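Computed from a predicted model, the values in this text were never measured in an experiment.
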Amino acid sequence: GESVGLHLPTLSVQEGDNSIINCAYSNSASDYFIWYKQESGKGPQFIIDIRSNMDKRQGQRVTVLLNKTVKHLSLQIAATQPGDSAVYFCAENNAGNMLTFGGGTRLMVKP
Amino acid sequence: EAQVTQNPRYLITVTGKKLTVTCSQNMNHEYMSWYRQDPGLGLRQIYYSMNVEVTDKGDVPEGYKVSRKEKRNFPLILESPSPNQTSLYFCASSRRGGVSYEQYFGPGTRLTVT
């Protein structure tokens with residue numbers, strides 16, 4: 001399948017542990033943020049989003065935290081599973097109808 | 001099944017030979033977009049369309065054209081491909097005119113220009 005990239009930052013966690021993936025965004029005027037998951041050979045898949053008027057949002061096993069003061073976004077995955085192994089991208093809406101994506105972080109889950 | 005489809009999935013071509021990558025969605029989405037993905041650069045937006053007959057440039061539009069004559073289709077056209085357009089291309093759509101809604105991505109098209 002298609003490869004995403006060979007030199008991404010990598011986070012390696014033990015199965016069952018919690019994972020935290022971080023992202024620094026660029027524009028203080030950004031008002032919407034998204035996390036995507038991309039498995040090998042597939043297109044990005046929506047995980048969770050958050051608007052700038054919130055600082056935390058929870059989904060099923062995932063939580064997104066937004067710190068506007070330091071322009072930082074994080075994705076927390078609880079009880080990480082082998083199926084969570086993928087590349088994770090954050091994206092920000094900072095210019096009307098366009099998204100700007102971060103470079104991605106590879107999550108590897110050790111059994 | 002709700003999905004975004006792209007064709008072809010893989011394409012090897014030569015410099016200057018016009019090509020079209022098709023994108024179709026069956027979700028009646030208004031917003032459609034094209035991205036390219038390159039190692040170390042992440043996903044970059046090429047063009048997007050808010051609705052039929054409405055298209056706008058993204059971050060990296062040079063060398064590409066698009067059209068939106070029907071709601072479901074959003075083809076990407078490379079009039080004269082060059083090697084620097086070798087990349088992995090994704091089409092995406094979302095239900096309303098704007099990015100503040102979940103985007104559904106296609107499976108990707110791997111293009112190699114020699």
Side-chain angles (χ1 to χ4, degrees), chain A residues 1-10 21 23-27 29-54 57 59-60 62 64 66 73 86-106, chain B residues 2-6 8-11 23 25 27 29-51 54-61 86-112:
Chain A
E2 296 83 10
S3 63
V4 172
L6 298 177
H7 304 292
L8 292 171
T10 298
I21 301 171
C23 177
Y25 63 92
S26 58
N27 192 331
S30 295
D31 58 3
Y32 178 70
F33 306 87
I34 316 170
W35 279 100
Y36 283 93
K37 171 186 181 183
Q38 187 175 23
E39 296 174 279
S40 181
K42 297 183 179 179
Q45 179 184 8
F46 175 92
I47 302 173
I48 191 167
D49 59 1
I50 188 167
R51 298 192 183 275
S52 59
N53 59 354
M54 304 172 68
R57 190 162 188 228
Q60 187 177 15
V62 295
V64 56
L66 175 62
L73 195 66
V87 177
Y88 290 81
F89 294 95
C90 66
E92 61 183 301
N93 176 206
N94 59 10
N97 298 300
M98 287 172 45
L99 277 180
T100 299
F101 282 77
T105 297
R106 187 182 305 278
Chain B
Q3 60 183 349
V4 178
T5 57
Q6 296 177 227
R9 294 290 312 278
Y10 301 91
L11 178 60
C23 172
Q25 51 91 7
M27 296 169 279
H29 284 171
E30 292 183 358
Y31 182 93
M32 297 186 74
S33 182
W34 276 103
Y35 296 86
R36 60 178 289 174
Q37 186 172 39
D38 302 290
L41 296 175
L43 284 137
R44 293 178 293 167
Q45 199 160 15
I46 303 171
Y47 268 95
Y48 64 94
S49 170
M50 299 286 285
N51 213 325
V54 181
T55 62
D56 281 292
K57 295 178 180 179
D59 287 323
V60 288
T86 292
S87 188
L88 178 57
Y89 291 87
F90 288 100
C91 180
S93 71
S94 66
R95 63 185 175 90
R96 292 189 189 174
V99 295
S100 296
Y101 300 93
E102 178 181 349
Q103 286 195 62
Y104 294 81
F105 282 78
T109 295
R110 170 71 71 185
L111 172 65
T112 302

- Min side-chain heavy-atom separation B/Gln103-A/Ile34 under 4.5 Å: no
- Task: Enter the distance from A/Gln45:CD to B/Glu102:CD here, rounded to the nearest 0.5 Å.
- Result: 8.5 Å
- Item | ring-ring contact (aromatic ring centres under 6.0 Å, His included) involving A/Tyr36 - partner list, sequence neighbours excluded | A/Phe101, B/Phe105
- Item | Among A/Ala91, A/Gly102, A/Pro44, residue most engaged with chain B (heavy-atom pairs, under 4.5 Å) | A/Pro44
- Note on the structure: Correct closest heavy-atom pair for B/Lys57 and A/Met98 would be O-SD, 3.8 Å
- Note on the structure: Under 4.5 Å to a heavy atom of chain A? For B/Leu41 that would be neither
